[in-house]
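Computed from a predicted structure; not experimentally measured. Quick note on labels: first sequence line is chain A, next is B, and so on, each numbered from 1.
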Protein chains: 2
Amino acid sequence: MKAAKRKTLEAKGWKVGSVEDFLELSPEEVAYIEMKFALSNTLKAHRAKEKLSQVEVAKIFKTSQSRVAKMEAGDPSVSIDLLVKSLLALGASPKDLAKAIS
Amino acid sequence: MKAAKRKTLEAKGWKVGSVEDFLELSPEEVAYIEMKFALSNTLKAHRAKEKLSQVEVAKIFKTSQSRVAKMEAGDPSVSIDLLVKSLLALGASPKDLAKAIS
DNA sequence: TGCATATATGTCGAATATGACATAATCTAC
DNA sequence: GTAGATTATGTCATATTCGACATATATGCA
């Protein structure tokens, strides 16, 4: 955020800070969430590359379309485990995953 | 395994193959397990570097010594999620984790 | 517009992961 | 040896994650 914009908002009574400040997240929690979103986005990218619908990859993953949607949204109910397993099922290699979180 | 050793075992009636053949694991399952062990070993390495006991890191992680032991053993009851969170709590960066699984 | 396809959200019972505890095994001096 | 510290294993009640379903909200196209 630009300093000018920050001043404007603060003048209007907003408390301005980073998202992690606002939600009171520790650096580890932030890193964890960022990793999850990185994997979510990678999953979306892999599915887009294959031009598959969520219903189609759901069959490959042996799960439901709704869970695929939640995976891609980085929903709190989705574990990194599930994202990793799904990405591997889509043909991603461990190195691809490493790149994704770097 | 050396070819000679393989021949000897096969002559005795053993079916010789890779661990994944024996356990009938798919490549994805193998990759998943290997990632888990990579993270387990990284966790052990980080703890060793800090010269902490399992009891000590258990306090940091807010868990028990027995679960730490299972984490480091790559026990099936331990998720990648838990390993990632624990490593982050020990000060590892996402890049460190990326290196670990590469 | 209306209709089909795709994606998102909320909820629920079942499955899995979790921390905790007891106890066993292993290591490390003395 | 053995005493103390450390690490490993088995089990269990609770918590979290899971697939599935219903339903809502897009998105595209005639």
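Side-chain proximity of B/Ser53 to the nucleotides D/dT7, C/dT7, C/dG19 is greatest for D/dT7. Which of D/dT17, D/dT7, C/dT7 sits closest to the side chain of A/Ser79 comes down to D/dT17. Distances were taken from every side-chain heavy atom of B/Ser66 (C-beta onward) to each of D/dT7, C/dC21, D/dG19; the shortest belongs to C/dC21.
In this structure, B/Tyr32 places its OH atom 12 Å from P of C/dT16, rounding to the nearest Å. The CZ atom of B/Arg47 sits 10 Å away from the P atom of D/dT6 (whole-angstrom rounding). What separates CG of B/Leu52 from P of D/dA5 is a distance of 17 Å, to the nearest Å.
In this model, a side-chain donor or acceptor of A/Lys70 finds a partner on the base of C/dG10 within 3.5 Å. With hydrogens and angles ignored, no donor-acceptor pair under 3.5 angstrom links the side chain of A/Gln65 to the base of C/dA6.
Residue-level contact check: A/Ser64 touches the bases, meaning some heavy atom is under 4.0 Å from a base atom. At a threshold of 4.0 angstrom between heavy atoms, the contacts of B/Ser77 include nucleobase atoms, whether or not backbone atoms are also involved. Contact annotation for B/Val78: backbone-only contact, meaning every heavy-atom pair under 4.0 Å involves sugar-phosphate atoms and none involves a base.
Where A/Met71 and B/Lys44 meet DNA chain D, the nucleotide closest to each residue was compared, and B/Lys44 sits on the side nearer the 5' end. Of the two residues near DNA chain C, A/Glu72 and A/Arg67, the one whose nearest nucleotide lies more 5' is A/Glu72. Both B/Gln54 and B/Asp81 lie close to DNA chain D; mapped to their nearest nucleotides by heavy-atom distance, the more 5′-ward contact belongs to B/Gln54.
Taking each heavy atom of A/Asp81 and B/Ile80 in turn, the nearest pair found is OD1-N, 2.8 Å. Nearest heavy-atom pair across A/Asp96 and A/Gly91 is OD2-O, 4.4 Å.
Side-chain atoms of B/Glu56 and B/Ile60, non-hydrogen and from C-beta on, never get closer than 4.5 Å to each other.
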B/Leu82 and B/Ser79: CA distance, side-chain angles, deciding distance, side chain to side chain contact (heavy atoms under 4.5 Å, CB included) verdict | CA-CA 5 Å; B/Leu82 188 63; B/Ser79 69; 3.6 Å; yes
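Counting non-hydrogen atoms of neighbouring residues, nucleotides and ligands closer than 6.0 angstrom, the CZ atom of B/Phe61 exceeds 12 such neighbours.
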